Amino acid sequence: MKEVKIKIKNLSLYFNYIQALNDVSIDIYSKKVTAVIGPSGCGKTSFLRSINRMNELISGFRYTGEIKIDGINIYDREIDVVNLRKLVGMVFQKSNLFPKSIWDNLIFAPKLHGVKEDNKLKDIIEETCRKAAIWDEIKDRLNENALNLSAGQQQRLCIARALTVKPDILLMDEPASALDPTSTAKIEELIYELKKNYSIILVTHNMQQAARISDYTAFFYLGHLIEYEKTTKMFTNPTNQQTEDYITGRFG
Amino acid sequence: MDRIFDFHIEKLKTRLIKMCSLVDEQVDFAIKSIEEQNRELADLVISRDKIVDKYDIKIERICQKLFALNQPVAMDLRLVMSALKINSNLERIGDLAKNIAHQSKDFEFLPNYFNRLHYSEITFIVRDMIKKAIDAFITNDSELVRVVIKSDDKLDELVKEDSKYLIELMHESKNNINSAIIFYQVFQELERLGDHATNIAEEVFFIVKAQLIKHRNDLADQES
């Protein structure tokens, strides 16, 4: 069943005098993987970052339109951004672990949100690391520096860390672009598993990746949402000529 | 590590195997409908051809999706490519079975020369070829492929012999013409069934060994 998780209406984003997104309306479905594709500078990342209000960290940011998660406008004044980001986790292109132990990395967010007891923390960590399919690799190395892990493991640890505060939504910005094919495959399997419990939005330059793991695909070009379709439809018979040109590599 | 792709491949294989079983039975029933002059069986074959067609469309869609979304390579690529072709061969086998079922209804009773034809021998080979081609696909057995391809020669020989005999019958008496023409067509169709079984076997060889043995030109090389 399709249930709308994020409802975005007429969203336009501006950074000073540059308009990054132009009147985008889109429904993101619950417990599905939505891939966002498009050439560099098309507004994919700005779009993603507007869903957990990270664009506000950039000076000169303005927006019009609205974003509702479960019917609640996230740009409402009463919304606590820390709680919003608890609900909407994010994973970046390069893993951004703290130069601390694996344990410290993982307990950082739950502690911030008030979990104090070691037992509880351990349970949370084991549960999330199992979900992120990395528990077996790190369970005996929790006190080691997180940066000693391989790049693929670091990235999966970042995903585990994002899950420790029990988000509903995961935003992923090119989570596998810096990884080798094996680690990429692991991340893709993981995303496929995670969608049972989370709504995932995945920005990717890799169209094949979008095809392989997403349920829906949104194609952005020059700040416009050109086409938004089921992935199967998008990659077998896209409606828009620009989409066809982009996914077949005939662009520009 | 399980791949998401494997899940889809399994789904494709399951559908193909189900289609194989259905088509196999369609051929059996069509052949019996002539032997036993069983009109009910013939009607069953004719009506069930729609189900075969549905499988055909479904499998083609799955293959299209697999190509578009997963960019298969190596063994996976060969499997999806061959699945497409095996699918069309199965669909054609289904059509031929339907045709034979239609033709079985064209006579009131079997002509007296029926026992002098190699009908049971030919149909035995055809059924065996189809069964073995399907088994080769299910079990990835390239040895069975050789068996199927060899049987095709024997089949062609017998069909040729009987076709010649049927033409002679037509020359002998005008009364034979109607029934002999039908049998002539049925034999051509049986021969085509053998060709489709051979095609499927060749596709299996391609999946397993990554070698094209179509049109017979390479099989001798394979063996040498």
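Chain identifiers are assigned alphabetically (A, B, ...) following the order of the sequence lines, protein sequences preceding nucleic acid strands; residue numbering begins at 1 within each chain. If you're wondering where the values come from, they're calculated on a predicted model, not measured in any experiment.
Taking a 6.0 Å sphere around NZ of B:Lys154, one finds it holds 12 or fewer heavy atoms contributed by other residues, nucleotides or ligands. Taking a 6.0 Å sphere around NZ of B:Lys160, one finds it holds 12 or fewer heavy atoms contributed by other residues, nucleotides or ligands. Within 6.0 Å of CZ on B:Phe124 lie no more than 12 heavy atoms contributed by other residues, nucleotides or ligands.
Among residues 194-217 of chain A, the residues having any heavy atom closer than 4.5 Å to a heavy atom of chain B are, in sequence order, A:Gln208, A:Ala211, A:Arg212, A:Ile213. Applying a 4.5 Å heavy-atom cutoff, none of the residues of residues 44-52 of chain A approach chain B. Residues of residues 39-66 of chain B placed with any heavy atom under 4.5 Å of a heavy atom in chain A are listed by number as B:Gln64, B:Lys65. The contact list for residues 235-245 of chain A toward chain B, using heavy atoms and a distance under 4.5 Å, reads A:Phe235, A:Thr236 by residue number.
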